[in-house]
Amino acid sequence: MARGRGRLSRPLVIGVLVAAVAGVGLGLYWFQPWKLWQDETVREALPGVVTPASTTPPAGAPSASPAPPPRPRTLADGELISHEHATSGRVRLLRLADGSHVVRLEDLDTSNGPDLRVWLTDAPVKEGRAGWHVFDDGAYVSLGKLKGNKGSQNYTVPAGTDLSRYTSVTIWCDRFDVSFGAAELARA
């Protein structure tokens, strides 16, 4: 009788082991815990600011200094506060010389995550746990994947976006529907 039990338990053990390995693999894919120890630093220049090449005028020609290119204009800005993960830095909503708009994250410092996005939202920024899940309740515009969890970076606002509708920016984890950090935009 003991032999029959051994034959039945072997497939059961193999099935449990296969399910456990598949579960661990799925859990690692879903949570991507190694990203907590991987920093990605991005240092993008302020958009629309071009450093002109140095040219020497021909001998005898009057030296006229060229007009500097127009600098981006800050329409709104705010400081990032922490939500699910410790987050700091500054957010600026900029109008470029060509009339387009950019959200700029400056001196960003947050945790890395599996599916982080930058959202322009209409939600109020709330301190603590109360602010973790509010940003997908109303209107938002996804500006794309977070380029890096540290540094300064630019995100183009889609043309035609009604900026008067949006009052905050969040670093949003799309996989777990939670804000890593957010900033209330104060109009300049």
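Computed from heavy atoms alone, side chains included, the values below leave out hydrogens, waters and symmetry copies.
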Asker: So, for Ser179 and Gly131, which heavy atoms are closest and what is the spacing to 0.1 Å?
Answerer: CB-O, 4.1 Å
Asker: Shortest non-hydrogen contact from Glu79 to Ala183?
Answerer: O-CB, 3.4 Å
Asker: Can you say whether the rings of Phe135 and His83 are parallel (under 30°), tilted (30 to 60°) or perpendicular (over 60°)?
Answerer: tilted
Asker: For the hydrophobic clusters of this structure (ILVMFWY residues joined by side-chain heavy atoms under 4.5 Å, transitively), does one cluster hold both Val157 and Leu96?
Answerer: no
Asker: Can you find a heavy atom in the side chain of Leu105 that is under 4.5 Å from one in the side chain of Leu146?
Answerer: yes
Asker: Within the distance-only criterion (no hydrogens, no angle test), does the side chain of Asp122 pair as donor or acceptor with the backbone N or O of Ala139 below 3.5 angstrom?
Answerer: yes
Asker: Between the side chain of Thr87 and the main-chain N/O of Ile81, is any donor-acceptor distance below 3.5 Å?
Answerer: no
Asker: What are the two closest heavy atoms between Leu80 and Gly181, and how far apart are they?
Answerer: CD2-C, 4.2 Å
Asker: What are the two closest heavy atoms between Gln38 and Asn112, and how far apart are they?
Answerer: O-ND2, 3.0 Å
Asker: Does atom CZ of Arg165 have more than 12 heavy-atom neighbours, drawn from other residues, nucleotides or ligands, at distances under 6.0 Å?
Answerer: no
Asker: Would Thr74 and Arg92 count as having a side-chain donor-acceptor pair, cut-off 3.5 Å?
Answerer: yes
Asker: Can Leu163 be reached from Leu143 by stepping across I, L, V, M, F, W or Y side chains whose heavy atoms are under 4.5 Å apart?
Answerer: yes
Asker: Of Thr167, Val169, Thr170, which meets side chain to side chain contact (heavy atoms under 4.5 Å, CB included) against Leu120?
Answerer: Val169
Asker: Are the side chains of Lys150 and Leu108 in touch, meaning some heavy atoms are under 4.5 Å apart?
Answerer: no
Asker: So, Thr121 side chain and Trp119 main chain: donor-acceptor pair closer than 3.5 Å or not?
Answerer: no
Asker: I'd like to know if the side chain of Ser152 reaches the main chain of Asp107, judged simply by a donor and an acceptor atom lying under 3.5 Å from each other, with no hydrogens or angles considered.
Answerer: yes
Asker: Can you check whether Pro72 reaches Val102 side chain to side chain, under 4.5 Å on heavy atoms?
Answerer: no
Asker: Look at the side-chain heavy atoms of Ile, Leu, Val, Met, Phe, Trp and Tyr, link any pair under 4.5 Å apart, and say whether Val42 and Tyr155 land in one connected group.
Answerer: no
Asker: Please name the residue in the list Asn154, Asp77, Val91 that meets the side chain to side chain contact (heavy atoms under 4.5 Å, CB included) test with Arg104.
Answerer: Asn154
Asker: Taking the side chain as every heavy atom from C-beta outward, state whether Leu94 and Pro47 have any pair of such atoms under 4.5 Å apart.
Answerer: yes
Asker: With rounding to the nearest 0.5 Å, note down the distance linking CZ in Phe180 to OG in Ser111.
Answerer: 6.0 Å
Asker: Between Leu93 and Ile171, is there a shared hydrophobic cluster once you connect ILVMFWY residues whose side-chain heavy atoms come closer than 4.5 Å?
Answerer: yes
Asker: Under a 3.5 Å distance rule, please check whether Glu184 uses its side chain to pair with a backbone N or O of Val125 as donor and acceptor.
Answerer: yes
Asker: With rounding to the nearest 0.5 Å, note down the distance linking CD in Glu106 to CZ in Arg43.
Answerer: 13.0 Å
Asker: For Thr41 and Asn149, indicate whether the former's side chain and the latter's backbone hold a donor-acceptor pair under 3.5 Å.
Answerer: no
Asker: Could you tell me whether Glu44 and Lys147 have a side-chain N and a carboxylate O separated by less than 4.0 Å?
Answerer: yes
Asker: How close do Leu185 and Ala76 get, heavy atom to heavy atom, and via which atoms?
Answerer: CB-CB, 3.9 Å
Asker: Trp172 pairs by side chain to side chain contact (heavy atoms under 4.5 Å, CB included) with which of Asp115, Leu116, Asp177, Val118?
Answerer: Asp177
Asker: Grab the two heavy atoms, one from His101 and one from Gly99, that are nearest each other, plus how far apart they are.
Answerer: CE1-O, 3.4 Å
